[in-house]
**Q** 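Structure below; questions to follow.
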Amino acid sequence: MVVSGGPEKEARQEIESLIAGEDDAWKRGDAAGFSARVLPDVVFTNIVGMFSVGKPPFLAHHERIFSTIYKGSACHQSIQHIALLKPDVAIVDTLAIVTGFQHSPPGIATIDGAIHARLEQVLMRLEDGWWVASFHNVAVNPAA
């Protein structure tokens, strides 16, 4: 189901807030803030295909990139699609654009000086709000 109105509208607003929080934490270089809403067993694939399960490696990865290649950068995600599979499960697809980075990851080409990626997050709604269960990032190839 594509989010439209009623309870779906409320879910969309909450999800938009979660995404905005991720962008804000990224801009501040705050790995703990960026990781704040990921579940303990989050499934993570980064932009270059590295895979991990669990919040500790997710956090460590973002601590590393926020202090090196992405130090001083900003990420802006625009929501492209929200599929509300159940009232408490959503798939959120965003277009993420990273600017101001030190250099791009190996093998990742830029578009107009920015890194463009398609980010798919699977979210679960628990008693205290939406949480990231899966975070899968794919670079946009400028040749495509």
**Q** Quick one: NZ on Lys27 to CZ on Phe66, what's the gap to the nearest 0.5 Å?
**A** 13.5 Å

**Q** Which heavy-atom pair separates Leu126 from Trp131 by the least distance, and what is that distance?
**A** CD1-CD1, 3.7 Å

**Q** Does the salt bridge (Lys or Arg N to Asp or Glu O under 4.0 Å) test come out yes or no for Arg28 and Asp24, once each step is laid out?
**A** CA-CA 6 Å; Arg28 292 182 285 111; Asp24 180 60; 3.0 Å; yes

**Q** Going hydrophobic residue to hydrophobic residue with side-chain gaps under 4.5 angstrom, can you get from Met124 over to Ile79?
**A** no

**Q** Which word best sums up how the rings of Phe34 and Trp26 line up, parallel for under 30°, tilted for 30 to 60°, or perpendicular for over 60°?
**A** perpendicular

**Q** In the structure I gave you, are the side-chain heavy atoms of Gln121 and Gln77 within less than 4.5 Å of one another anywhere?
**A** yes

**Q** Looking at every heavy atom in both Ala90 and Leu84, which two are closest together, and how far apart are they?
**A** CB-CD1, 3.9 Å

**Q** Do Asp93 and Gln80 have side-chain N/O donor and acceptor atoms under 3.5 Å apart?
**A** no

**Q** Supply the atom-to-atom distance Ile108 CD1 to Ile47 CD1, rounded to the nearest 0.5 angstrom.
**A** 4.5 Å

**Q** How many angstroms lie between atom NE2 of His116 and atom OG1 of Thr110, to the nearest 0.5 angstrom?
**A** 8.0 Å

**Q** For atom CG of Asp41, is the number of surrounding heavy atoms from other residues, nucleotides or ligands below 6.0 Å larger than 12?
**A** yes

**Q** State the NE2-CG distance between His81 and Leu95, to the nearest 0.5 angstrom.
**A** 15.0 Å

**Q** For the side chain to side chain contact (heavy atoms under 4.5 Å, CB included) test, which of Thr94, Val48, Leu119, Thr45 pairs with Asn137?
**A** Leu119

**Q** I would like to know whether Glu16 and Arg12 meet salt bridge (Lys or Arg N to Asp or Glu O under 4.0 Å); could you show each step before the answer?
**A** CA-CA 6 Å; Glu16 287 172 347; Arg12 181 177 179 87; 2.9 Å; yes

**Q** Which heavy atom in Val42 sits nearest to a heavy atom in Val132, and how many Å separate them?
**A** CG2-O, 3.7 Å

**Q** When you measure from the side chain of Ser67 to the backbone of Arg64, do you find a donor-acceptor pair of N or O atoms at a distance under 3.5 Å?
**A** yes

**Q** Does the gap between the ring centers of His62 and Phe44 come in under 6.0 Å?
**A** yes

**Q** Given Asn46 and Phe135, is the side chain to side chain contact (heavy atoms under 4.5 Å, CB included) satisfied, shown in steps?
**A** CA-CA 8 Å; Asn46 76 1; Phe135 191 101; over 6 Å; no

**Q** What are the two closest heavy atoms between Pro105 and Tyr70, and how far apart are they?
**A** CG-OH, 3.1 Å

**Q** Keeping Lys71 on the side-chain end and Gln102 on the backbone end, is there a donor-acceptor pair under 3.5 Å?
**A** no

**Q** Using the rule that Ile, Leu, Val, Met, Phe, Trp and Tyr join whenever any side-chain heavy atoms are under 4.5 Å apart, tell me whether Val98 and Val92 fall into a single cluster.
**A** yes

**Q** Membership question, hydrophobic clusters at under 4.5 Å side-chain separation (ILVMFWY): are Val138 and Phe58 in the same one?
**A** no

**Q** Glu14: which residues meet the salt bridge (charged side-chain N to carboxylate O under 4.0 Å, His left out) condition with it, sequence neighbours left out?
**A** Arg125

**Q** To the nearest 0.5 Å, what is the distance between CG on Asp88 and CG on Leu123?
**A** 11.0 Å

**Q** Are Ile111 and Ile97 packed together at the side-chain level, in the sense that at least one heavy-atom pair is separated by less than 4.5 angstrom?
**A** no

